[in-house]
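What follows is a set of notes on a single structure, which appears directly below.
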Number of protein chains: 2
Amino acid sequence: MSQQRHGSTPGNGPGERAGAVTAFPDLPEATIARLPEYLRALHNLGEAGGDTVSSEGLAAAAGVNSAKLRKDLSHLGSYGTRGVGYDVALLIEQIEYVLGLDQRRAVCLVGLGNLGHALAGYDGFASRGFKIVALFDADASKVGEEIQGLLVRHIEDLGRVAVEENIAIGVIATPADAAQAVADVLVDAGVTSILNFAPCVLSVPANVDVRKVDLAIELQILSFHEHRKASLTALPGGRSAPAGNQEAVGS
Amino acid sequence: MSQQRHGSTPGNGPGERAGAVTAFPDLPEATIARLPEYLRALHNLGEAGGDTVSSEGLAAAAGVNSAKLRKDLSHLGSYGTRGVGYDVALLIEQIEYVLGLDQRRAVCLVGLGNLGHALAGYDGFASRGFKIVALFDADASKVGEEIQGLLVRHIEDLGRVAVEENIAIGVIATPADAAQAVADVLVDAGVTSILNFAPCVLSVPANVDVRKVDLAIELQILSFHEHRKASLTALPGGRSAPAGNQEAVGS
DNA sequence: AGGCGCTTGTGAAGGTGTGCACAAATCGCG
DNA sequence: CGCGATTTGTGCACACCTTCACAAGCGCCT
Ligand SMILES: NC(=O)c1ccc[n+]([C@@H]2O[C@H](COP(=O)([O-])OP(=O)(O)OC[C@H]3O[C@@H](n4cnc5c(N)ncnc54)[C@H](O)[C@@H]3O)[C@@H](O)[C@H]2O)c1
Ligand SMILES: NC(=O)c1ccc[n+]([C@@H]2O[C@H](COP(=O)([O-])OP(=O)(O)OC[C@H]3O[C@@H](n4cnc5c(N)ncnc54)[C@H](O)[C@@H]3O)[C@@H](O)[C@H]2O)c1
């Protein structure tokens, strides 16, 4: 989860004037977190040749309950046809619009160590509408290195480059003790979304969104369940976990 | 029977365990997901020299609300002292016990491409009670390679090695189209917890836990918030917003 | 000993998310 | 044209989670 508030609308008492709708229906956060999964499933289905899909079919492909899926989709308007299902291409377009993926988003990556190198070479960025436009590191021996056709620049240049390239999203892959300083630099440069791989809490202004990916936390959660399962084997009437509990990171 | 131990007078040894291990079957999932964060914050505080910490202080370090933190800790029968706070060392021990981190957990990693190499070299595993004991790949040109002192083995050996090394947790870092097959192999080998980095849904038996880390999903969630923020700042004039209504696709 | 300030632990209220079950809508077909 | 099969969209009940507010407990000081 992000440690920053979303949708803060700070201090304004009554609802916003804006006679028309605010540009967005306020989607539940849980729904937003699932939309990318639906999108991926839809792309798979589309390539498989289907042009429509039922909520049941899409739900299975995305690993969720079909009622949940219908409710999620209903939040962004009715784009299904009763008795038929959802038009795959139309739904893809709709979800991509809501997620803002129709606009190419410029991303920068800070910290080109072990993890940073892997991320820089990851094709999952470009294939989903994101483009890494700049790489930064503080280590002089790394600056100048070329990775995937991109030059590693010194972090001091971040401010200038971020403005030039209109970077909105920054990815932090530095050690934890440098992460806050990097976040400060990103924020100063106008970046308003940060994906943090360093195991630490970042403090940022309220208008900046932070999401964290922490491998160790995931393992520790798994460890807990291992622990629980191990203790249950000794007990009679062992109960089984609900099926299909495919936890996603974050929330 | 699943009687919560402790409850005895304060002053009993912190390391005491009931003979029959009764884990905490009733811990809220949301609490479990936060315990690792508390643990990390506690380690930081401990190294900083503090021997006790208030819920306010720990909550700040972990980036959560203090009431939430107190309620979380109360679920595991926490040892706080009113008017003083929590004993850092004791709380660390408690949380590590609940998460099952007092037992070393053997982990194997499947798929040694870009990401797999980074993960294999990550010291955040060992420092938190996990140890990678085996590496597997299907590519003959990778098998035999030595990474961080570990030999890459062929995935066909997974079944045998998993039993030998008593592997409980498997990490999947293969392409998505191989992930399900790898998961099946892991499950057959007795692995009951899987951390999946491939962007796909895995189907596993009910007793196996799967957690997924998907970078693209994180970015897309950030993208949504960027989109929302951008549309909010564009509104004040009341002029027609860009793509004003969400029915941009209609007809 | 007693009072005082501080902090925990928790009841209660409100919010968010989930899943069932079903009415409404649509299509294909006779 | 009507009917039945199918599938969406959603009202509702429930479970879970979060946050507030405060009594109870603890240590310290006088
Ligand atoms: N390697 C992994 O598999 C992995 C997995 C999960 C999380 N992480 C986390 O990701 C982060 C990076 O891990 P890593 O293994 O790549 O570490 P690393 O030490 O290999 O790389 C860190 C990089 O950050 C650079 N750096 C340091 N301070 C900087 C600063 N102030 N500004 C810009 N760049 C700076 C360093 O020069 C180095 O290139 C760590 O916080 C780690 O805990 C790593
Ligand atoms: N690189 C990243 O930064 C990154 C980030 C997030 C997610 N991912 C995901 O992680 C996965 C791996 O990414 P990557 O960049 O390392 O890919 P990669 O192609 O570099 O590596 C994949 C590795 O898996 C091995 N493999 C393939 N089939 C296998 C099988 N059946 N059994 C065992 N091993 C097999 C391949 O030999 C190869 O070594 C992908 O699903 C990717 O989407 C990668």
Practice problem: Run the numbers on A:K212 and B:E218 for side chain to side chain contact (heavy atoms under 4.5 Å, CB included), then give the verdict. | Solution: CA-CA 9 Å; A:K212 188 174 62 161; B:E218 301 303 317; over 6 Å; no
Atom [atom1] of [X] and atom [atom2] of [N]: how far apart are they, to the nearest Å?
X: A:L27; N: C:dG17; atom1: CG; atom2: P; value: 11 Å
X: B:L58; N: C:dT7; atom1: CG; atom2: P; value: 14 Å
X: A:E29; N: D:dT18; atom1: CD; atom2: C1'; value: 15 Å
X: B:Y86; N: D:dG25; atom1: OH; atom2: P; value: 16 Å
X: A:E56; N: D:dG9; atom1: CD; atom2: C1'; value: 15 Å

Self-check item: Flag for A:D72-A:Y38: side-chain donor and acceptor within less than 3.5 Å
Solution: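 Yes, because at least one side-chain N or O of A:Y38 sits under 3.5 Å from a partner of the opposite role on A:D72.
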Practice problem: Between A:P28 and B:G83, name the one whose nearest nucleotide on DNA chain C is closer to the 5' end. | Solution: B:G83
Quiz item: B:R128 side chain to A:L219 main-chain N or O, any donor-acceptor pair under 3.5 Å?
Solution: no
Contact under 4.0 Å: [X] side-chain N or O vs [N] OP1/OP2:
X: A:S55; N: D:dT8; answer: yes
X: B:Y79; N: D:dC26; answer: no
X: A:N65; N: C:dG17; answer: no

Self-check item: Electrostatic pair B:E37:B:R34 at N-O distance under 4.0 angstrom
Solution: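 Result for this pair is no, no salt bridge flagged.
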Let me have the donor-acceptor pairs involving side chains of residues 173-182 of chain B, under 3.5 Å, with sequence neighbours excluded, atom names and distances please.
unit_1, atom_1, unit_2, atom_2, d
B:Q180, OE1, B:S203, N, 2.9
B:Q180, NE2, B:D184, OD1, 2.9
B:Q180, NE2, B:S203, O, 3.0

Practice problem: Go through C:dT8, D:dT8, D:dC17 for me and flag the one nearest to the B:S54 side chain. | Solution: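 Side chain of B:S54 sits closest to C:dT8.
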Quiz item: For the side chain of B:V84, counting heavy atoms from C-beta on, which of D:dC17, C:dC27, D:dG27 is nearest?
Solution: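 It is D:dG27.
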Quiz item: Heavy atom of residues 66-75 of chain A under 4.0 Å from DNA chain C: which residues?
Solution: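 When residues 66-75 of chain A is checked for heavy atoms under 4.0 Å from DNA chain C, the hits, listed by number, are A:A67, A:K68, A:R70, A:K71.
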Exercise. Please evaluate the base of C:dT8 for a donor-acceptor partner in the side chain of B:R82 within a cut-off of under 3.5 Å?
Key: yes
Practice problem: Run the numbers on B:I194 and B:D209 for side chain to side chain contact (heavy atoms under 4.5 Å, CB included), then give the verdict. | Solution: CA-CA 6 Å; B:I194 294 176; B:D209 286 291; over 6 Å; no
Exercise. Might you work through the side chain to side chain contact (heavy atoms under 4.5 Å, CB included) test for B:T192 and B:V187, ending with a clear yes or no?
Key: CA-CA 7 Å; B:T192 48; B:V187 168; over 6 Å; no
